[in-house]
Amino acid sequence: MRVEEEIRHSATITTSASLPDSTAPVIRIEAAKAWPSLKLGELWGYRELIYFLIWRDIKVRYKQTVLGAGWAIIQPLFTMLLFSLFFGRLARVPSDGIPYPLFSFCALVPWSYFSNGLTQASNSLISNSSLIKKVYFPRLAIPTAKVLSALVDFGLAFVLLLGMTFYYGLHPTFRMLWVPLFLLLAMVTALGAAFWLSALNVRIRDVEQALPFVVQIWLFATPIAYPSSLLPEPWRTVYGINPIVGVVEGFRWALLGAKTVPGPMLVVSSLGAAAMLVSGAFWFRRLERTFADVL
């Protein structure tokens, strides 16, 4: 009798344990989609991490340097001097009636922000490989933090630009209210290009070697040393496919009172920057799942 009771008791326990609990969480494993969602809400949830990464980049960038943050001003300033000598004095490149040093420096300030943010963000996944392998977080946070941290250098160079405008007798007008929008366009362009190149750099390390050459070509493909007014319409509007063209011409129009109103060029540049950002973010998310394995 005891044996029969023990058998019945064990059978009861087995039966009750095998029954599914309605309150237990259900885990479903599904195949990954070819083009995953961007999960921007998840990125916003990790905003404190982005703030920490920005603060770390700012502290490390000029650590143990003699001039410190002065490099944010020296780079565009010396480039302006070289452009003024070779393009302004020797080549006699027109500057739309604006003093050439101010004409070129006004373009170099947003360009320096774009190029520095793009260069640092494109190599950010490689330099943070140990962090990517250990902890999960939205990988979009790394290049985003690099582009946002470059705003500090932009702010320093922008103060010098305002000082130059007063030196040459130009005073800000209501057009200056457009500057944040043009800066946002530069930021969107830098983020879009950085998403593409940083994800590609994980798989193809040639990107890191080719990036300085690409940035140099992009520099001369942008009206920094010369005005876009040299191009007739409609080619001048088509020229706006390069999003930085709209940024540069927008800064000159807003701060220097240039007669070349961005207009249709700005529309084309904005559409190009938006397309680059959205496509780059989806491309980044698609390759994100392989970053830890490749690195």
| Arg252 side chain vs Glu249 backbone, donor-acceptor pair below 3.5 Å | no
| Pi-cation contact, Trp283 with Arg286 (under 6.0 Å, within 45°) | no
| task | Look up atom CG in Leu287 and atom CZ in Arg289, then write down how far apart they are to the nearest 0.5 Å. | result | 8.5 Å
| request: Would you please indicate yes or no on a ring centroid separation below 6.0 angstrom for Phe52 and Trp55? | output: no
| query | Taking Thr119 for the side chain and Asn116 for the main chain, is one N or O donor matched with an acceptor at less than 3.5 Å? | reply | no
| note | Rounding to 0.5 Å, atoms CG (Leu162) and CG (Leu255) come to a distance of 6.5 Å
| message | Looking at Tyr100 and Ala225, would you say the former's side chain and the latter's main chain have a donor-acceptor pair under 3.5 Å? | response | yes
| field | cation_pi(Arg139, Phe137) dist<6.0 Å, angle<=45 | value | yes
| said: Tell me whether Thr144 contacts the main-chain N or O of Ala141 through its side chain, where contact means a donor paired with an acceptor under 3.5 Å. | reply: no
| said: Strictly below 4.0 Å, N to O, side chains only: are Asp57 and Lys146 in salt-bridge contact? | reply: yes
| note | Rounded to the nearest 0.5 Å, the CD1 atom of Ile73 sits from the CG atom of Leu160 at a distance of 5.5 Å
| query | Phe154 vs Phe158 aromatic rings, parallel, tilted or perpendicular, using cut-offs 30° and 60°? | reply | parallel
Just list the side-chain donor-acceptor pairs under 3.5 Å for residues 216-224, sequence neighbours left out, or say none.
| from | atom 1 | to | atom 2 | distance (Å) |
| --- | --- | --- | --- | --- |
| Trp218 | NE1 | Asn242 | OD1 | 2.8 |
| Thr222 | OG1 | Trp218 | O | 2.8 |
| Thr222 | OG1 | Asn242 | ND2 | 3.1 |

| Is a donor on one side and an acceptor on the other found under 3.5 Å between the side chain of Ser149 and the backbone of Ile58? | no
| query | If you measure from OG on Ser228 to CZ on Arg236, what distance do you get to the nearest 0.5 Å? | reply | 4.0 Å
Could you tabulate the donor-acceptor pairs under 3.5 Å formed by side-chain atoms of residues 175-204, not counting sequence neighbours?
| from | atom 1 | to | atom 2 | distance (Å) |
| --- | --- | --- | --- | --- |
| Arg175 | NH1 | Trp253 | O | 3.2 |
| Thr189 | OG1 | Leu185 | O | 2.8 |
| Trp196 | NE1 | Ser279 | OG | 3.2 |
| Ser198 | OG | Ala194 | O | 2.6 |
| Ser198 | OG | Phe195 | O | 3.4 |
| Asn201 | OD1 | Glu208 | N | 3.4 |
| Asn201 | ND2 | Ser122 | O | 3.3 |
| Asn201 | ND2 | Asn123 | OD1 | 3.3 |

| request: Mind checking the CG-OG1 spacing from Leu256 to Thr173? Nearest 0.5 Å is all I need. | output: 10.0 Å
| query | Is the ring centre of Phe284 less than 6.0 Å from the ring centre of Phe291? | reply | yes
